[in-house]
Amino acid sequence: QVQLEESGGTLVQAGESLRLSCIASGFTFNFLALGWFRQAPGKEREFVAGVSANGGRTYGTNSVQGRFIVSRDNAENTVSLQMNSLKPEDTAVYYCAARQWSTSRSAGEYANWGQGTQVTVSS
């Protein structure tokens with residue numbers, strides 16, 4: 001089973017930037033598609049961004065696509081989420097998830113999840 005561990009979440013001011021990282025183990029990293037999801041209390045889990053095994057990027061919304069960048073480093077078995085121009089609405093627990101080959105916007109399509117990292121954006 002793939003093991004995932006996120007890091008980088010913290011408290012930031014609106015307008016600032018933050019970079020989240022996720023390291024994967026237990027599987028051949030090059031075969032994985034990796035996604036970032038976020039979930040605020042009382043709300044559904046939301047797709048943020050993902051990167052396929054061949055490097056293709058997918059973003060959840062137009063707002064996220066313009067501010068966030070997802071990338072992977074196969075040499076280090078990591079996927080990162082660079083978040084710029086953060087807004088209070090971005091406050092959530094951010095999760096890293098993995099499946100084989102292709103990204104999906106549906107959380108149910110991912111079988112492997114990290115524990116999450118809290119991102120809080122103050123106004």
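Taking Thr58 as the reference, Thr103 meet the side chain to side chain donor-acceptor pair (under 3.5 Å) condition, with sequence neighbours excluded. Remark: Val2 pairs with Leu4, Ala24, Phe27, Leu32, Ala98, Asn112 by the side chain to side chain contact (heavy atoms under 4.5 Å, CB included) rule, at least two apart or across chains. Evaluation of the side chain to side chain contact (heavy atoms under 4.5 Å, CB included) rule for Ser7 yields Ser21 as partners, not counting sequence neighbours. Scored by the side chain to side chain donor-acceptor pair (under 3.5 Å) test, Asn54 finds Ser52 as partners (sequence neighbours excluded). Residues meeting the side chain to side chain donor-acceptor pair (under 3.5 Å) test with Ser85, sequence neighbours left out: none. Residues that satisfy the side chain to side chain donor-acceptor pair (under 3.5 Å) test with Ser17, not counting sequence neighbours, are Asn84. Applying the side chain to side chain contact (heavy atoms under 4.5 Å, CB included) rule to Ser106 yields the partners Ser104, Glu109; only residues at least two apart in sequence or on another chain are considered.
By the criterion of side-chain heavy atoms lying less than 4.5 angstrom apart, applied directly or through intervening Ile, Leu, Val, Met, Phe, Trp or Tyr residues, Val51 is not grouped with Tyr95; the two fall into different hydrophobic clusters. Val93 is connected to Phe47 through a chain of hydrophobic side-chain contacts under 4.5 Å among Ile, Leu, Val, Met, Phe, Trp and Tyr, so both are in one cluster. The cluster map of Ile, Leu, Val, Met, Phe, Trp and Tyr, joined by side-chain heavy atoms under 4.5 Å apart, puts Val79 and Leu20 in the same cluster. If you chain together hydrophobic residues whose side chains sit under 4.5 Å apart, Leu81 and Ile23 never meet in one group.
Counting only residues at least two apart or in different chains, salt bridge (Lys or Arg N to Asp or Glu O under 4.0 Å) contacts with residues 70-85 are absent. For residues 3-18, there are no salt bridge (Lys or Arg N to Asp or Glu O under 4.0 Å) pairs, not counting sequence neighbours. Among pairs with a residue in residues 1-65, those fulfilling disulfide bond (SG atoms under 2.5 Å apart) read Cys22-Cys96, at least two apart in sequence or across chains.
Its side chain outside the 4.5 Å cluster rule for every partner, Leu11 clusters with none of the Ile, Leu, Val, Met, Phe, Trp and Tyr residues.
Here CZ of Arg67 is found 7.0 Å from OG1 of Thr61. Values are rounded to the nearest 0.5 Å.
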Could you pull out every donor-acceptor pair under 3.5 Å between side chains of residues 33-44 and any protein atom, sequence neighbours left out?
from	atom 1	to	atom 2	distance (Å)
Arg38	NE	Glu46	OE1	3.0
Arg38	NH1	Asp90	OD1	2.9
Arg38	NH1	Tyr94	OH	2.9
Gln39	NE2	Lys43	O	3.0

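With contacts defined as side-chain heavy-atom distances shorter than 4.5 Å, the pair Ser80/Arg19 qualifies. Using a 4.5 Å heavy-atom cutoff, the side chains of Arg45 and Trp113 are in contact. Taking the side chain as every heavy atom from C-beta outward, Val64 and Met83 never approach each other to under 4.5 Å.
With hydrogens and angles disregarded, a donor-acceptor distance shorter than 3.5 Å links the side chain of Arg57 to the backbone of Val70.
What you find for Ile69 and Tyr59 is that their closest heavy atoms are CA-OH, 3.4 Å. Taking both residues in full, the closest heavy atoms of Ala92 and Gln118 are given as O-NE2, 3.4 Å, listed atom of the first, atom of the second, then distance.
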